[in-house]
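Nothing fancy with the numbering, it's 1 onward along the sequence. Both counts, for ligands and for their atoms, begin at 1 and track the order of listing.
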Amino acid sequence: MNIYTLIIFLYFTIFIIDSAPINSKSNSISIKKISPKHSLKEVHQFYKDYFMLKYQNIYATDQDKLASAKKRLSESVNLTISNFLGYYGEFTIGNQAFKTIFDLGSSDLWVPSQKCTQHSCRIHKRFNESLSKTFNPIGTPFSIEYGAGAVTGITGKDNVLVGGIETVGQIFGLVKEEIGKLFALQEFDGIFGMGFDANSKIKATTPFSNMVEQKAVTNPYFGIYLQRSNDTGHTGTLTLGDIDTTKFIGNLNYNNVSTYEGEYKSWILDVDDISINGIKLNFKNRQALFDTGNNLVFMSYEDAATYHKFINGSSLNNDGIYTVPCNTTDQVAYIIGGVSYNIDQSDLTTGSDCSSSVQPGGGGDMWLIGDAFLGNVYSVYNIKDFTIGFAPVSK
Ligand SMILES: *[C@@H]1O[C@H](CO)[C@@H](O)[C@H](O)[C@H]1NC(C)=O
Ligand SMILES: *[C@@H]1O[C@H](CO)[C@@H](O)[C@H](O)[C@H]1NC(C)=O
Ligand SMILES: *[C@@H]1O[C@H](CO)[C@@H](O)[C@H](O)[C@H]1NC(C)=O
Ligand SMILES: *[C@@H]1O[C@H](CO)[C@@H](O)[C@H](O)[C@H]1NC(C)=O
Ligand SMILES: *[C@@H]1O[C@H](CO)[C@@H](O)[C@H](O)[C@H]1NC(C)=O
Ligand SMILES: *[C@@H]1O[C@H](CO)[C@@H](O)[C@H](O)[C@H]1NC(C)=O
């Protein structure tokens, strides 16, 4: 496909923002994710479909696969998706508070407009233009496609406050129509993209880029710390314009983000290899999209098979899901930029049924790396240097 349209689709990367930061850094936001209690077949299928659609220009080479993923996803919306979509939280725009997902995989900010009168909008917080003294209408129509739906509306401008950081004149989408059943089931009202400007569908500067341009933050990066305490909740912090040095050990190792079709659009890195119990699996020329919205790691069928060959006692069940012994002691490490990052054994499985945290999905040489890796590192995303830094998390 020529036109890169990273689908904004429901965003997995949700951060809950407490009004009082719990962190030593005033610009840190405490974040929380409701994770699935069980790794069911449906959950894996949902993730696979969702990410195939979210990153369809990278992943979906096969239109039939895409069509069936779309169909399955639209039928699976009964799953309480928000229970496993990720972190969510609050921010304000024009002094009106919204619940949102902070999504590494998209680059637009939108909220439902008061002018959207359909059910999915009415059950959510809607933006009332007349309640904001700082609102400026722009009125450019936009449409953002999702795997199982779409949102359409017009653009406007207003001031954003998030984690104590205020920016003025943020261009955002006022959604007037939400197409598809998906939105009615979500706890969040809108989406807050944390990707690169080049991927903005409404052709706006992203909220974080604006923070940088307006010097509302000191540095052009944000840091993410994820902590998995148990299978009912993930907590962590998002630090805007700063790094929380209490959250990691040693130095951050920086990696250059890869362009896609000549532009920086997503948080993509080269991955050198994976080692298991010290043995390199010999993967070559692999890349990965990093997305905190995803609990798992998705690889091509071939790569997932290679990986599990080295995990003692793993097997592929009849549902096409890899399982790993719950008491596995295998030591897995991801090698990125020449540095090995160990994965905690608890991250080799997900949920209580000990399905593997690495599953087949997507395709080609592009992996999708989520919390099963990101929970083991402090990660720093720099929008000016185009780098991601990792350091082992301090536990
Ligand atoms: C989804 O929920 C609706 C209403 O609760 C129900 O009628 C329908 O059968 C469910 N669909 C599936 C696929 O479970
Ligand atoms: C929007 O705000 C105006 C001014 O306070 C109010 O009259 C109107 O009812 C509000 N609209 C909705 C849908 O709440
Ligand atoms: C799991 O973690 C969440 C959030 O940190 C907490 O509210 C909950 O009580 C914990 N549950 C158990 C069983 O420890
Ligand atoms: C990353 O990019 C910088 C600047 O473009 C360059 O100096 C550096 O060598 C690159 N690092 C790697 C590992 O490619
Ligand atoms: C797998 O487990 C068995 C039994 O615990 C052990 O004998 C064997 O060495 C293990 N293999 C690897 C590759 O770790
Ligand atoms: C894990 O449990 C199985 C079944 O109880 C046992 O056979 C195996 O030796 C255990 N492996 C490890 C590494 O403890």
Tell me if the centroids of the rings in [X] and [Y] come within less than 6.0 Å of each other.
X	Y	result
F192	F98	no
F390	F373	yes
W367	F283	yes
Y381	F290	no

Just by distance, with hydrogens left out, do N282 and K284 show a side-chain donor and acceptor under 3.5 Å apart?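 Yes, side-chain donor-acceptor contact under 3.5 Å.
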Looking only at side chains, do S209 and D197 share a donor and an acceptor under 3.5 Å apart?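 Yes, because at least one side-chain N or O of S209 sits under 3.5 Å from a partner of the opposite role on D197.
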What are the atoms of ligand 2, with element, lying closer than 4.0 Å to any heavy atom of [X]?
X	answer
N128	1 (C), 2 (O), 3 (C), 8 (C), 10 (C), 11 (N), 12 (C), 14 (O)
S130	1 (C), 2 (O), 3 (C), 4 (C)
L131	2 (O), 4 (C), 5 (O)

Contact residues of ligand 4, where a non-hydrogen atom lies under 4.0 Å away: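 Shell around ligand 4 (4.0 Å, heavy atoms): N256.
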Name the atoms and distances for all side-chain donor-acceptor pairs under 3.5 Å in residues 161-177, with sequence neighbours left out.
{"unit_1": "Q170", "atom_1": "OE1", "unit_2": "N210", "atom_2": "ND2", "d": "2.8"}
{"unit_1": "Q170", "atom_1": "NE2", "unit_2": "T205", "atom_2": "O", "d": "2.9"}

For the residue pair F135 and F127, does the interplanar ring angle fall in the parallel (under 30°), tilted (30 to 60°) or perpendicular (over 60°) class? tilted
Below the 3.5 angstrom mark, is there an N/O of N327, backbone or side chain, next to an N/O of ligand 6? yes
